Amino acid sequence: MPDFDVLVLGGGPAGVNAALAASAAGLKVALFDENPAAGGQVYRDPVYRAPISSAIPPTGDLQQGDTLRHELDQSAVITYFNHVVWAVTADYRVDAAGPAGPVHCSGRALIVATGTTERVVPFDGWTTPGVIGLAAATILLKSQGILPGRSTLVAGCGPLLAAVAAKIIEGGGKVEAIADIAGVGDWGRTLPAMVSRPDLMREGFHWVREIWSAGVPTLSRHTLVKVEQAHDGLHATLAPCDAAGRPIAGKQRSVVADCIAVGHGLTPSSEITRLLRAEHRYSRQAGGWIAVADQDGRTSRPRLYVAGDGAGIAGAAAAGHHGTLAGLACAIDLGTHLGTHLGTDAAQLRSRVPAARQAHAKAARFGRSMAQLMALRPGHTDSIEPQTIVCRCEDVTRAEIDAACDAGAHDMNQLKAWTRCGMGPCQGRTCGDVAAELLAARVHGGSRERAGCLSARTPLRPMTVEALTGNFSYDDIPIPMAAPL
Ligand SMILES: Cc1cc2nc3c(=O)[nH]c(=O)nc-3n(C[C@H](O)[C@H](O)[C@H](O)COP(=O)(O)OP(=O)(O)OC[C@H]3O[C@@H](n4cnc5c(N)ncnc54)[C@H](O)[C@@H]3O)c2cc1C
């Protein structure tokens with residue numbers, strides 16, 4: 001007999017809304033997240049409510065996060081925060097490591113809402129201390145309330161460029177420059193979707209106003225090609241690039257800063273559905289490999305659901321509605337197929353689906369247009385220099401990846417076995433997407449489907465042996481009686 005009807009993995013907007021919908025339908029639900037509280041990446045709970053640096057004002061994200069956390073507190077959902085999920089089995093047993101040691105629970109159904117990982121396309125010097133992810137900068141700003149540096153260069157692509165720059169300025173920091181791979185035309189194409197969300201458009205204009213008022217130089221169609229450490233800080237070289245993200249001839253600029261926040265989009269965290277061998281497909285627009293699912297998150301495996309950005313990048317608002325849909329789908333399916341006693345009847349649950357689908361479609365339209373700005377550009381990976389490290393856990397360079405491809409490595413798992421690319425603590429979450437793009441271009445004429453993806457392995461996250469064993473005393477270990485002589 002499983003411990004719970006539903007186990008939800010991930011406490012962001014998708015996971016929390018999935019858990020709330022399933023719980024409100026009368027199911028016994030448990031939710032796991034590695035963070036101390038619900039909110040996920042976007043609505044994260046600040047460690048310090050009062051910012052410890054300058055006045056970084058509270059945002060709408062904080063208020064939405066507080067509402068989400070309050071709703072979860074008021075519900076019957078059992079929560080396991082500060083718990084890292086490190087294994088999931090085919091019969092939906094979840095193993096997690098928490099502050100009091102290992103925990104395991106089983107469920108009739110599993111909803112995977114594990115969000116995304118930030119993508120950084122490598123360039124010379126990207127592993128230098130002081131170079132951080134753009135999305136990682138949002139964690140510093142939102143969670144710890146501190147600035148990433150006294151002076152920061154913000155580079156890469158997507159809406160986080162303006163969000164991070166504005167937040168640094170509001171917090172009293174200096175933004176030396178913003179280098180955006182996207183051009184004016186790319187942003188122009190998002191206008192119809194932006195108009196559908198006047199609230200988010202207003203927020204965007206507010207960021208732009210902050211940036212203009214601070215006189216920050218904004219370089220459109222520019223990419224970061226090199227970072228060098230010098231006595232006065234990090235020296236970054238910015239070059240003009242084409243629409244494919246490839247540096248082109250033209251005036252290069254040098255910017256000195258003590259932090260460089262750079263990000264090139266997000267990739268869905270699909271390792272759990274891959275581990276469970278659900279069917280997957282590659283979608284450049286959705287950010288990478290995602291589980292094949294219907295619009296309510298039902299995957300190819302019975303009673304396995306996906307929700308939120310982990311099912312394809314569509315943004316926070318869409319993630320919340322997608323979570324509700326997955327929670328409802330799960331409740332409907334469990335009620336129908338397993339005869340589970342639900343507090344709400346199936347017809348009532350079904351009647352909520354059309355409105356949730358409509359709300360999801362509207363939010364996803366906006367989110368996907370932003371995701372389009374962050375999709376991996378083929379020319380960008382083309383321009384990685386041979387000596388540049390691609391896999392930073394194992395120090396594997398582009399030249400080593402190319403050599404393995406030329407020697408016959410034809411899919412990602414072969415590349416991993418031959419070079420150790422993706423075999424380190426991050427298990428390819430950081431380098432996997434870029435390495436696959438390089439392999440696809442060199443061996444398969446650009447086909448990511450033929451290049452495949454790294455197989456997921458447990459432990460899903462790096463962990464200590466102590467986290468697995470928990471606290472114990474050697475004196476408590478039963479010692480068998482000595483065998484009679
Ligand atoms: C670092 C980062 C910062 C971001 N900042 C912003 C931002 O400021 N604004 C914005 O609009 N978008 C931001 N995004 C994009 C953002 O992910 C979303 O659009 C939104 O949060 C998606 O919601 P979600 O519920 O699908 O996933 P998330 O909010 O990412 O929630 C998924 C949760 O699952 C947890 N999780 C994953 N794997 C495990 C595991 N094995 N064990 C335990 N817990 C696990 C994660 O820690 C996370 O809390 C950010 C993305 C990243 C990667």
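Both ligands and their constituent atoms are indexed starting at 1 by order of listing. Note that the coordinates shown come from a computational prediction; the quantities given were computed from them, not determined experimentally.
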J.: Please compare Leu266, Val42, Thr114 and report which has the shortest non-hydrogen distance to atom 15 (C) of ligand 1.
T.: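 Of the listed residues, Leu266 has the closest heavy atom.
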
J.: Does Glu176 pair with Lys174 as a salt bridge, N-O distance under 4.0 Å?
T.: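 Here Glu176 pairs with Lys174 in a salt bridge, since their nearest N and O are under 4.0 Å apart.
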
J.: Rounded to the nearest 0.5 Å, what separation is found between the CD1 atom of Ile389 and the CG atom of Asp395?
T.: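 The CD1 atom of Ile389 sits 4.0 Å away from the CG atom of Asp395.
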
J.: For Ala331 versus Ala25, what's the shortest heavy-atom pair and its separation?
T.: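 Nearest heavy atoms, Ala331 then Ala25: CB-CB, 3.6 Å.
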
J.: Check each heavy atom of Ala113 against ligand 1 and say whether those closer than 4.0 Å belong to the side chain, the backbone, both or neither.
T.: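 Ala113 to ligand 1: backbone contact only, side chain stays beyond 4.0 Å.
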
J.: Below 3.5 angstrom, do we get any N/O pair linking Thr138 and ligand 1?
T.: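 Yes; the residue has a nitrogen or oxygen that sits under 3.5 Å from a nitrogen or oxygen of the ligand.
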
J.: Between Leu160 and ligand 1, is there a nitrogen or oxygen pair with a distance under 3.5 Å?
T.: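 Not met; the criterion fails.
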
J.: Heavy-atom distances under 4.0 Å decide this one: backbone, side chain, both or neither, for Asn35 against ligand 1?
T.: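 Near ligand 1, Asn35 shows its side chain, while the N, CA, C and O stay back.
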
J.: Nearest non-hydrogen atom to atom 23 (O) of ligand 1 belongs to which of Pro13, Ala38, Gly308, Gly158?
T.: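 Of the listed residues, Pro13 has the closest heavy atom.
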
J.: Is the cationic atom of Arg392 (NZ for Lys, CZ for Arg) positioned less than 6.0 Å from the six-membered ring centroid of Trp126 and within 45 degrees of its normal?
T.: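 Yes, cation above the ring, under 6.0 Å and within 45°.
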
J.: Do ligand 1 and Ala135 have nitrogen or oxygen atoms that lie under 3.5 Å from each other?
T.: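 Min N/O separation from ligand 1 is not below 3.5 Å for Ala135.
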
J.: Taking only heavy atoms of Gly10 into account, list the atoms of ligand 1 that are under 4.0 Å away from them.
T.: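 Heavy-atom distances to Gly10 below 4.0 Å select 33 (C), 34 (O).
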
J.: Indicate, as side chain, backbone, both or neither, the part of His83 found under 4.0 angstrom from ligand 1 when only non-hydrogen atoms are considered.
T.: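 The answer is the backbone.
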
J.: Does any part of the side chain of Val6, heavy atoms only, come nearer than 4.5 Å to the side chain of Leu334, both counted from C-beta?
T.: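 Touching, per the 4.5 Å side-chain cut-off.
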
J.: Counting both backbone and side chain atoms, is some N or O of Ala307 under 3.5 Å from an N or O of ligand 1?
T.: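 Between Ala307 and ligand 1 (N or O atoms, distance only) the closest approach is not under 3.5 Å.
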
J.: Grab the two heavy atoms, one from Ile111 and one from Cys330, that are nearest each other, plus how far apart they are.
T.: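 What the structure gives for the nearest pair is CD1-CB, 4.1 Å.
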
J.: Check this for me, if you would: do Arg69 and Asp66 make a salt bridge, where the nitrogen-to-carboxylate-oxygen distance has to be below 4.0 angstrom?
T.: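 A salt bridge links Arg69 with Asp66.
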
J.: What I want to know is whether Leu460 and ligand 1 share at least one N or O pair that is separated by under 3.5 angstrom.
T.: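 So ligand 1 has no N or O lying under 3.5 Å from an N or O of Leu460.
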
J.: I need the contact type for Ile313 against ligand 1. Using non-hydrogen atoms and a strict under-4.0 Å cut-off, is it side chain, backbone, both or neither?
T.: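 Near ligand 1, Ile313 shows nothing, with every heavy atom at 4.0 Å or more.
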
J.: Are Tyr305 and Asp333 linked by a side-chain donor-acceptor pair shorter than 3.5 Å?
T.: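 Judged by distance alone, the side chains do pair up.
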
J.: Does an N or O anywhere in Glu118 fall below 3.5 Å from an N or O of ligand 1?
T.: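 Such a contact does not occur with ligand 1.
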
J.: Give the contacting part of Ala319 toward ligand 1: side chain, backbone, both or neither, where contact means a heavy-atom distance below 4.0 Å.
T.: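 Near ligand 1, Ala319 shows its side chain, while the N, CA, C and O stay back.
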
J.: Compare all side-chain heavy atoms of Val255 with those of Leu238 and state whether any distance is below 4.5 angstrom.
T.: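 Val255 vs Leu238: side chains touch.
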
